[in-house]
Amino acid sequence: AKSVGHIYTNEDSEPTYHHLKGLSWTSSEIDEVTQFHLTDNHRNHSSIVDYTKESWNNWPTKGYAKEAEHSKDYPLDKMKSTWKGQENHDLKRIMEIQTSDKRHFVESLEEVLTFLQTRARISLLIPNQWLRSYIKNGIMEEKPETKLDSYDAWTIKGLERDAVVMICPYTASPKDSDSAILMGFDSNSQFTIEQSKAVDLIRRKLLVSNTRAVQQLIILHPPKNMSTNLGHDQVIKCLNPPNLNLTEKVGKGQDITQQMTEFFHNSDLNRYEYAIATVAEGIDLFTRAQSDINQAEEIDYFMSRWNN
């Protein structure tokens, strides 16, 4: 790896990036990864693992994983959490923010973004790539108090964060190449071959996205059972997320900022700790930006968070 210029290595010539470390694995390390692949999960708290498994098994329809051909390659039913972090029974693990109409959704989204701009150790993840672009260009650029760095399902792959806030993972958009064909989505009808491919792609994105949070996860949903026009034909369609009993639900009439403050109250940082954590996140972003143009584009958004 040391002889390849764009692969960063340590003093032992081992790749420093998580997803390239396999280049220097020994035979015993390869055997260990093969033996425990997708069974022993040491990264995620058991609540995150349970949610990931239930989402995989029951979206887009209940029991879908048992019928989907590609699911055989991902035996999630065998996965168990072996996370060894310190257990805190007062810590809330997963919260879903459910919105009722366009106004409630937009207000909730802006409130979430504003909250996150003043926080560290919480990553913003937007799996729908068109929606991520819309939020960056249509909301963050117009309202500086909402501007911060974010990830999609692929740019966050290989990374883990203590906490993640995920925006609209179960959605389709006519301008999103991965999901446009699902604008006619109907879970009660037979999928076409092309729709099945799009569903399976979203499922793989969800598998990555749901497991990026080590301890805490918040998910913001658009209004269920409908398409929402955000203005000027900017549309997202809710693809009916699974209704699971594993999460705390927050809905209309509840103060989003207050709910998020209470959710993360055990992870509050003082001013000094916040500065240190934010600097560390900035160093990590600048390092990854050296070899990934998608990460380089996030520097401006990170600096907005840093300056505030």
Side-chain angles (χ1 to χ4, degrees), residues 18 36 38-59 62 65 75-99 108 111-125 127 151 156 158-170 206-221 241-278 280-281 284:
H18 172 86
F36 294 108
L38 283 178
T39 54
D40 285 12
N41 181 320
H42 64 274
R43 296 185 307 273
N44 306 104
H45 185 273
S46 58
S47 296
I48 304 295
V49 171
D50 290 343
Y51 177 82
T52 300
K53 291 167 65 173
E54 289 299 309
S55 172
W56 178 259
N57 290 333
N58 298 302
W59 189 87
K62 188 174 180 61
L76 293 199
D77 57 313
K78 300 178 181 178
M79 183 169 65
K80 61 182 183 296
S81 175
T82 56
W83 180 74
K84 299 186 183 302
Q86 184 176 358
E87 186 63 76
N88 183 343
H89 296 289
D90 294 329
L91 201 66
K92 297 179 180 179
R93 296 298 177 180
I94 308 174
M95 183 169 76
E96 293 183 271
I97 302 174
Q98 301 172 325
T99 58
S108 298
E111 202 167 342
V112 167
L113 298 176
T114 301
F115 177 90
L116 292 178
Q117 196 195 59
T118 59
R119 292 286 176 135
R121 297 181 182 170
I122 307 173
S123 291
L124 175 63
L125 172 56
Y151 298 91
I156 201 172
L159 302 176
E160 288 85 35
R161 295 291 184 260
D162 284 344
V164 170
V165 174
M166 188 155 44
I167 307 297
C168 304
Y170 305 90
L206 287 168
L207 180 56
V208 172
S209 301
N210 287 335
T211 53
R212 294 313 92 194
V214 173
Q215 297 199 58
Q216 292 181 288
L217 174 65
I218 290 181
I219 306 170
L220 172 66
H221 298 297
N243 185 19
L244 307 178
N245 295 323
L246 303 172
T247 67
E248 177 181 345
K249 308 294 194 299
V250 173
K252 193 168 186 178
Q254 295 179 274
D255 188 313
I256 301 298
T257 298
Q258 180 182 346
Q259 293 294 324
M260 294 183 71
T261 299
E262 293 177 358
F263 185 84
F264 290 121
H265 80 278
N266 282 333
S267 58
D268 282 346
L269 306 176
N270 61 39
R271 185 179 295 273
Y272 174 77
E273 292 170 328
Y274 172 79
I276 294 298
T278 306
E281 291 170 353
D284 178 59

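The model shown is predicted, which means the values in this text are computed figures rather than measured ones.
With a 4.5 Å cut-off on side-chain heavy atoms, L159 and Y151 count as touching. Between S209 and P169, the closest side-chain pair of non-hydrogen atoms is not below 4.5 Å. At least one side-chain heavy atom of T261 sits under 4.5 Å from a side-chain heavy atom of R119. Contact of the T52 side chain with the N44 side chain is not registered, since no non-hydrogen atoms from C-beta on lie closer than 4.5 Å. Looking at heavy atoms from C-beta onward, I122 lies out of side-chain contact with I218 at the 4.5 angstrom threshold. Residues V165 and L220 fail the side-chain proximity criterion, which asks for heavy atoms closer than 4.5 Å. Contact annotation: the side chain of N210 never approaches that of I48 to less than 4.5 Å [non-hydrogen atoms, C-beta and beyond]. Side-chain contact between K80 and D40: present, with at least one pair of heavy atoms (C-beta onward) separated by less than 4.5 Å.
For the 3.5 Å distance criterion, the side chains of K249 and T247 qualify, holding a donor opposite an acceptor. No hydrogens or angles considered: a donor-acceptor pair under 3.5 Å links the side chains of H45 and E87. In the model, S47 has no side-chain atom that pairs as donor or acceptor with a side-chain atom of R93 under 3.5 Å.
Here CE of M260 is found 9.0 Å from CD of E111. Values are rounded to the nearest 0.5 Å. Annotation: the span from M95 atom CE to I256 atom CD1 amounts to 7.0 Å, rounded to 0.5 Å. Note: I97 CD1 to E248 CD = 10.0 Å, rounded to the nearest 0.5 Å. Separation of atoms CD1 (I156) and CG (L125) is listed at 5.0 Å; rounding is to 0.5 Å. The distance from atom CD1 of I94 to atom CD1 of I219, rounded to the nearest 0.5 Å, is 7.0 Å. Atom OG of S123 is separated from atom CE of M166 by 12.0 Å, given to the nearest 0.5 angstrom.
Of all the heavy atoms in T211 and V208, the pair that sits closest is OG1-O, 3.1 Å. Taking every heavy atom of both residues into account, E160 and V214 meet most closely at CB-CG2, 3.7 Å. Taking every heavy atom of both residues into account, L217 and F263 meet most closely at O-CZ, 3.7 Å.
Using cut-offs of 30° and 60° for the angle between ring planes, the H221 and Y170 rings count as tilted.
No donor-acceptor pair under 3.5 Å is formed between the side chain of R212 and the backbone N or O of R161. Checking side-chain atoms of Q254 against main-chain N and O of G251 turns up a donor-acceptor pair under 3.5 Å. Not a single donor-acceptor pair under 3.5 Å links the side chain of Q216 to the backbone N or O of A163.
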* Walk me through it: do K252 and Q98 pass the test side-chain contact (heavy atoms from CB on, under 4.5 Å)? => CA-CA 7 Å; K252 193 168 186 178; Q98 301 172 325; over 6 Å; no
